[in-house]
Amino acid sequence: MTATSYRTTLCGDLRPGHVGQRVTLGGWVHRSRDLGGLVFLDLRDRAGMVQVKVDPAVADAATVQVAEKVGVESVVLVEGDVVARPADGVNPELATGAIEVLARSLRVVGPAATPVLPVARGKGTPLPAEELRLRHRYLDLRRPELQQNLLLRHRLLQATRRYLSDRAFLELETPILTKPTPEGARDFLVPSRVHPGEFYALPQSPQIYKQLFMVCGFDRYFQVARCFRDEDLRADRQPEFTQIDIEASFVRQDDILALAEGLVQHLWAEAGIAVPTPFRRMTYAAAMEHYGCDRPDLRYGLEIADATAAFAPLDFGVTRAALAAGGRVRGIVVPGGAAWSRKQVDELEALAKGAGAGGLLRLKRVGSEYEGPVARFLDDAARAALALPDGSLWLGVAGPDRASSPALDRVRQECAARLGLADPARREFLVVVDFPMFERDPDTGALAAVHHPFTSPNPDDYAARPDDPASWRAVAYDVVLNGTELGGGSIRTSDPAVQSRMFALLGIGDVAEQERRFGFLLEGLRAGAPPHGGIAFGFDRIAMLLAGAPSLRDVIAFPKTTAARALFEGAPSTVPPEDLEALHVRVAAEPPGR
RNA sequence: GGGGGCGUAGCUCAGUUUGGUUAGAGCACUCGACUGUCACUCGAGAGGUCGCGGGUUCGAGCCCCGUCGCUCCCGCCA
């Protein structure tokens, strides 16, 4: 299937079964070993590598001369015979290691300049600096590791399409040039030439379009959607990224979650990993209570427990003040933590403070002794209530949950890292449900959507407490693996009146303003909308996890740096003044001279 | 926007602590030798804007100030 008029076989596909065949190969010279008569070339293509042997007894003089001179990374065509290697010449590290190709002729069709980065690296040799790898991406992507990553990415994409298409989902496309959205991340803007002063935005997600597909009656939609957000980058965040975007009609939460679990199972299976379903479910409230975050890593315990009852009666200023202010005392028990030094625990306190806690309460139990600043305040009842095992360390935060949860989350994660509790081979999938509908801006008190403005509030909450939106749960859910969010979604508001109220709660009370910004959605909902909902998965992140790659950049062919530059192509770049003029754009700040 | 780390040969790094002769090593590269290597081996050679700019000093890879790039993190990312 990969045979062409140039070649018969891929290098990496050759096996002992090919012995005796005359083959023609095309590939890149990975390495060469000139023994001064015999020349060995490792020839590489996307399937792998095979050893080519050039023997003056078989090949003509010209071929021998070419073999001696050809530089690494040059593209050559080899015609020769597949032969078994001598018993003591087998290379067990190579899939093709039992055979080699005895060359009859060798031709360089794409001579390579000396590569500025090595493609063939010795074992244990460090990678070149990432800046150079990105600048010379055409070389870096020749590395078998990155080729494997992108090959896996391809397979995951195909598996996604197969899975969803088999379940009657239609792959429908949505515009890349679209309308700026007022909420969420910063938009990438594209000036309009035809309409002076007006701009398109690149989509942060195809959210409204996919809901309109439901309004149209397409019933089940998916897309491998490119999304764009103009925010600062991280190792696991690129300005342009790929989502598996899904929406379906006449569904409830459980319909979407069952589909999502099946898709995850299917994708992990494509990577050779069996994943049992359904996934564990946990409410947002329970996740925050026991783990302090909405995407807990369940590979280890160290669960947060309420210790308010133990501290309430004590004459201890720190906890007394916190409780009087309506807060609680919560903490985790770290087995073996009593052995940690003052400095080690101080480092944990710094993390807790960084996450918003006033401080970190600490209590060690060694034998029957209790140590630490808290110890002398404890009475027998408090000791009994804490039930601290011998040799362990209790770390607590007194205060409101909004401070203690993130602080204990941070401390819990650091303790787990120190103790090596997170088994990298384990996979703890989790579905978090019942997210709050809104969160308050701590400064302004304004409501903001936790998921997005199109999410349906929990119907019971909406009916029971119509005037207390801050207490509403949303019909929104996340899929989490080992503390990483894989995807999230919600059931949407399909009632235009409810949607309009949501906008009002989010500060867009003016009906005309609503129509201007979201008219195309509201009109659609008024035209007869089925109940609908969906989910979106971060595809790059999934590919990264399944490839075992440390960075998103290792599963994206041409990624951006953390400064949002494309080093290979050289984007972004300045443009000629006449181009700007045509777009009716004037640049206020000239870029630094380069 | 803020903080940490890094920047010396094509690549990976040492040298910076304590400023002082001609800035080193491995790999890659060039030339030569070698018929079973597979990170071949051996010999010889070439290769430097010490990121960039300024300052201190008799003298700066090394000290100071600024700046650029990469990276990790905080803010940000509905």
Side-chain angles (χ1 to χ4, degrees), chain A residues 30-43 49-58 64 68-69 71-73 83 85-94 96-97 100 102 113-136 139-140 181-187 204-205 207-208 227-239 241 351 354-356 410 435-439 441 447-455 474 476 485 488-490 502 506 536 538 550-551 553 560-565 567 591-594:
Chain A
H30 190 67
R31 244 195 274 272
S32 67
R33 293 171 292 279
D34 179 357
L35 271 56
L38 277 184
V39 180
F40 294 99
L41 301 176
D42 292 335
L43 198 61
M49 219 149 23
V50 71
Q51 173 166 281
V52 174
K53 174 182 166 183
V54 181
D55 186 338
V58 176
V64 172
E68 285 170 346
K69 296 287 178 226
V72 293
E73 295 310 316
V83 298
R85 295 203 197 182
D88 59 351
V90 170
N91 184 350
E93 291 179 23
L94 223 52
T96 60
E100 61 193 352
L102 183 56
T114 300
V116 57
L117 299 177
V119 175
R121 289 179 307 127
K123 300 180 189 92
T125 310
L127 285 171
E130 187 144 25
E131 178 178 359
L132 295 163
R133 293 175 42 205
L134 293 173
R135 202 177 294 284
H136 307 284
L139 285 174
D140 200 35
T181 51
E183 292 211 50
R186 208 172 287 123
D187 283 317
Q204 295 182 26
S205 85
Q207 180 61 34
I208 292 179
C227 305
F228 306 86
R229 294 178 190 175
D230 190 6
E231 297 292 348
D232 287 347
L233 279 65
R234 290 285 187 278
D236 62 349
R237 205 196 294 164
Q238 284 272 310
F241 58 99
L351 292 174
R410 192 71 195 80
F435 276 77
M437 184 71 213
F438 299 108
E439 62 192 349
D441 185 301
L447 291 177
V450 168
H451 187 54
H452 58 52
F454 319 111
T455 298
E485 180 190 332
S490 64
M502 291 300 145
L506 291 167
S551 164
R553 294 183 291 269
K560 306 286 188 285
T561 68
T562 50
R565 278 194 182 281
L567 296 181
R594 283 191 283 152

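Throughout, protein chains are lettered first and strands after them, A, B, ... in sequence-line order, and every chain is numbered starting at 1. Because the structure is predicted, anything quoted here is derived from the model rather than measured.
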Protein-nucleotides 40-47 of chain B N/O pairs closer than 3.5 Å?
residue	atom	partner	partner atom	Å
C40(B)	OP2	Arg31(A)	NE	3.2
C40(B)	OP2	Arg33(A)	NH1	3.2
C40(B)	N4	Asp34(A)	O	2.4

Once you apply the 3.5 Å cut-off to both distances, tell me the Watson-Crick or G-U wobble partner of G75(B), or none.
-> none
How is Thr561(A) classified with respect to the nucleic acid when contacts are heavy atoms under 4.0 Å: base, sugar-phosphate, or nothing?
-> sugar-phosphate
Taking a pair as Watson-Crick or G-U wobble with both distances under 3.5 Å, which nucleotide is matched to A60(B)?
-> none
Atom NZ of Lys69(A) to atom P of C29(B): distance rounded to whole Å?
-> 12 Å
Salt-bridge test for Arg135(A) and Asp140(A): reply yes if a basic N is under 4.0 Å from a carboxylate O, no otherwise.
-> no
Minimum heavy-atom separation for Val50(A) to Thr96(A), with atom names?
-> CA-OG1, 3.5 Å
Please measure how far the C1' atom in C76(B) lies from the corresponding atom in U12(B), and state the result in whole Å.
-> 35 Å
Is there a donor-acceptor pair closer than 3.5 Å between any side-chain N or O of Gln51(A) and the backbone N or O of Gly97(A)?
-> no
C11(B) pairs with, by Watson-Crick or G-U criteria that keep both distances under 3.5 Å = G26(B)
Nucleotide nearest Arg565(A) (side chain, heavy atoms from C-beta), chosen from G69(B), C77(B), C38(B) | G69(B)
Measure the distance from NZ on Lys123(A) to C1' on G26(B) and round it to the nearest whole Å.
-> 17 Å
Mind checking ring-ring contact (aromatic ring centres under 6.0 Å, His included) for Phe241(A) and listing every partner two or more places apart, or none if nothing turns up?
-> none
Partner set under salt bridge (Lys or Arg N to Asp or Glu O under 4.0 Å) for Arg234(A), not counting sequence neighbours = none
Separation of the C1' atoms in C50(B) and U22(B), to the nearest angstrom | 16 Å
Position toward the 5' end of RNA chain B (nearest nucleotide), Arg186(A) or Ala564(A) = Ala564(A)
Between atom CD in Glu231(A) and atom C1' in C74(B), what is the gap in whole Å?
-> 14 Å
Option from Thr455(A), Val450(A), Leu447(A) for which side chain to side chain contact (heavy atoms under 4.5 Å, CB included) with Met437(A) holds = Thr455(A)
Rounded distance in Å between the P positions of C73(B) and G45(B) = 47 Å
Kindly point out which of U71(B), C29(B), C76(B) is positioned nearest to the side chain of Thr562(A)?
-> U71(B)
Any strand: nucleotide that pairs with C40(B) via Watson-Crick or wobble, under 3.5 Å = none
Mind checking Val39(A) for me? I need base, sugar-phosphate or nothing, with any heavy atom below 4.0 Å counting as a touch.
-> nothing
Start at the 5' end of RNA chain B and walk down; is the nucleotide closest to Leu38(A) or to Leu94(A) reached first?
-> Leu38(A)
Expressed in whole Å, how much space separates the C1' atoms belonging to U37(B) and C42(B)?
-> 15 Å
Decide yes or no for His452(A) and Gln204(A): does some side-chain heavy atom of the first lie under 4.5 Å from some side-chain heavy atom of the second?
-> no
For Arg553(A), which contact category applies under a 4.0 Å heavy-atom criterion: base, sugar-phosphate, or nothing?
-> sugar-phosphate
Look only at the side chain of Gln238(A) and the backbone of Arg553(A), and say whether a donor-acceptor pair between them is shorter than 3.5 Å.
-> no
Might you point out which heavy atoms bring Glu100(A) and Pro86(A) nearest each other, and give the distance in Å?
-> OE2-CD, 4.3 Å
To the nearest angstrom, the NE2-C1' distance between His136(A) and C70(B) comes to 13 Å
Spacing between Glu68(A) atom CD and U35(B) atom P, to the nearest angstrom | 11 Å
Rounded to whole angstrom units, what separation is found between the CZ atom of Arg85(A) and the C1' atom of C38(B)?
-> 7 Å
Please confirm whether the backbone N or O of Pro128(A) pairs with a side-chain atom of Arg133(A), one donor and one acceptor, at under 3.5 Å?
-> no
For U67(B), what is the paired nucleotide under Watson-Crick or G-U wobble rules, both distances under 3.5 Å?
-> G51(B)
For Asp34(A), salt bridge (Lys or Arg N to Asp or Glu O under 4.0 Å) partners two or more places apart = none
Whole-Å C1' distance, C77(B) and C65(B) = 35 Å
Is any side-chain N or O of Gln51(A) under 3.5 Å from a base N or O of U37(B), one able to act as donor and the other as acceptor?
-> yes
When we call it a touch if two heavy atoms are under 4.0 Å apart, what does Glu100(A) touch: a base, just sugar-phosphate, or nothing?
-> base
Nucleotide C38(B), atom P - distance to CG of Leu43(A) in whole Å | 19 Å
Between CZ of Arg133(A) and C1' of U71(B) the distance, given in whole Å, is 12 Å
Considering only the C1' atoms, how many Å lie between U57(B) and C64(B), rounded to the nearest integer?
-> 12 Å
Might you list the N or O atoms of the protein lying below 3.5 Å from N or O atoms in nucleotides 6-14 of chain B, with each pair's distance?
residue	atom	partner	partner atom	Å
G10(B)	O2'	Val116(A)	O	2.5
U12(B)	OP1	Ala129(A)	N	2.5

Selection from U35(B), A39(B), C70(B) that lies nearest to any side-chain heavy atom of Asp55(A) | U35(B)
Residue set satisfying salt bridge (Lys or Arg N to Asp or Glu O under 4.0 Å) with Glu439(A), at least two apart, ordered chain then number -> none
For Ala57(A), which contact category applies under a 4.0 Å heavy-atom criterion: base, sugar-phosphate, or nothing?
-> nothing
N/O (side chain, Arg234(A)) to phosphate O (OP1/OP2, C76(B)) under 4.0 Å = no
Base, sugar-phosphate, or nothing for Thr455(A), non-hydrogen atoms under 4.0 angstrom?
-> nothing
